[in-house]
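Both backbone and side-chain heavy atoms feed into the values below; hydrogens, waters and symmetry mates do not. Numbering of ligands and ligand atoms starts at 1, following listing order.
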Amino acid sequence: MDSGAGGLAYLSAYSVLNPARPLLYVADKKNFPYGEKTKAALVSLLIELTSRIKKHFSPALIVLACNTASVSALAELRRNFPDTDFVGTVPAVKPALLSSVKKHIAVLGTERTVQDAYISHIAESTASACTVTRIAAGELVDFVERRLDYADSAERSAAAKKYIDVTRESGADALVLGCTHFLFLLDEFREAAGPDIRVFDSIGGVCLRIENILTQKNVPAGAARQPAVPNLLLVTGREGGSELWERRAARFGLTLAGGPDWDDV
Ligand code: DGL
């Protein structure tokens with residue numbers, strides 16, 4: 001689940017690792033953007049959304065494919081649903097700091113994520129003397145969510161370069177992509193960064209974690225998969241049936257579903 005399209009990058013990467021498992025993607029479009037909500041509001045809406053997902057689909061595992069949701073509500077969700085396995089998506093602060101020669105990294109995410117105590121907590125426990133430059137980029141989340149599917153390569157490159165420039169000016173030698181939406185611009189970030197700024201994300205770690213938990217739980221790969229059970233895309237709110245979401249469903253091989261039950265989430 002994510003507030004919008006960001007988690008689709010993770011769904012796509014996971015499908016490469018294990019194409020057999022049936023997947024449900026929930027885009028909580030009705031509550032987009034998560035990054036401008038308070039922690040308390042996010043906890044409450046994510047508890048409600050999780051209850052609905054569990055009631056209708058009984059998933060073997062839920063991936064919070066959203067840094068904002070994970071730093072804000074993962075602990076509360078685990079407390080409220082002790083019988084459910086959750087995999088969170090958090091900014092890759094530790095690997096970035098470990099590889100940073102200057103011990104100065106930048107974290108790019110939503111306002112809510114970059115201000116969360118999680119960032120300082122991980123940074124301080126990884127390196128005693130380090131600097132973390134926090135870059136809030138709600139505007140970039142919005143760009144990816146609404147504009148990216150129609151943007152040309154110059155527009156995509158410019159969107160990423162702007163934040164590589166901020167990173168370079170700060171003096172950091174590593175940039176953490178701390179929002180799942182930004183993975184859709186990974187190539188553009190890497191190209192603008194060149195050899196002097198390393199770009200980090202959590203996609204590989206998250207996919208391995210999902211697979212490890214499902215294997216440990218003995219959920220057989222693809223057991224529930226039948227041709228009649230397609231991978232589903234649920235979009236909350238009225239935008240569910242829009243042309244943009246139809247495009248995304250086609251691009252990621254998902255069947256767009258919805259219905260009145262989801263419009264109220
Ligand atoms: N994709 C979400 C994340 O990883 C944020 C998007 C939003 O603000 O809704 O933080």
| query | So do the side chains of L185 and L148 get within less than 4.5 Å of each other, counting heavy atoms only? | reply |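 A side-chain contact under 4.5 Å exists here.
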
| said: Could you see if F57 belongs to whatever hydrophobic cluster contains L49? Use Ile, Leu, Val, Met, Phe, Trp, Tyr and a side-chain cutoff under 4.5 Å. | reply: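 Result: yes, single cluster for both.
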
| said: Can you confirm if the NZ or CZ of K37 lies within 45° of the ring axis of Y34 and under 6.0 Å from the centre of its six-membered ring? | reply: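 Not satisfied by the 6.0 Å and 45° rule.
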
| message | Under a 3.5 Å distance rule, please check whether S15 uses its side chain to pair with a backbone N or O of L11 as donor and acceptor. | response |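 Indeed, once roles are kept as given, a pair shorter than 3.5 Å links the two residues.
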
| request: For N231 and L23, indicate whether the former's side chain and the latter's backbone hold a donor-acceptor pair under 3.5 Å. | output: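 It does hold such a pair.
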
| said: D142: which residues meet the side chain to side chain donor-acceptor pair (under 3.5 Å) condition with it, sequence neighbours left out? | reply: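 Expected list: R146.
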
With the criterion set at N/O pairs under 3.5 Å, what does the list of contacts between the protein and ligand 1 look like, atom names and distances included?
{"unit_1": "ligand 1", "atom_1": "1 (N)", "unit_2": "D2", "atom_2": "OD1", "d": "3.1"}
{"unit_1": "ligand 1", "atom_1": "1 (N)", "unit_2": "D2", "atom_2": "OD2", "d": "3.4"}
{"unit_1": "ligand 1", "atom_1": "1 (N)", "unit_2": "T180", "atom_2": "OG1", "d": "2.9"}
{"unit_1": "ligand 1", "atom_1": "1 (N)", "unit_2": "H181", "atom_2": "ND1", "d": "2.8"}
{"unit_1": "ligand 1", "atom_1": "4 (O)", "unit_2": "N67", "atom_2": "N", "d": "2.8"}
{"unit_1": "ligand 1", "atom_1": "4 (O)", "unit_2": "N67", "atom_2": "ND2", "d": "3.2"}
{"unit_1": "ligand 1", "atom_1": "4 (O)", "unit_2": "T180", "atom_2": "N", "d": "2.8"}
{"unit_1": "ligand 1", "atom_1": "4 (O)", "unit_2": "T180", "atom_2": "OG1", "d": "3.3"}
{"unit_1": "ligand 1", "atom_1": "8 (O)", "unit_2": "Y34", "atom_2": "N", "d": "3.3"}
{"unit_1": "ligand 1", "atom_1": "8 (O)", "unit_2": "G35", "atom_2": "N", "d": "2.8"}
{"unit_1": "ligand 1", "atom_1": "9 (O)", "unit_2": "S3", "atom_2": "OG", "d": "2.6"}
{"unit_1": "ligand 1", "atom_1": "9 (O)", "unit_2": "Y34", "atom_2": "N", "d": "2.6"}
{"unit_1": "ligand 1", "atom_1": "10 (O)", "unit_2": "N67", "atom_2": "N", "d": "3.4"}
{"unit_1": "ligand 1", "atom_1": "10 (O)", "unit_2": "T68", "atom_2": "N", "d": "3.0"}
{"unit_1": "ligand 1", "atom_1": "10 (O)", "unit_2": "T68", "atom_2": "OG1", "d": "2.5"}

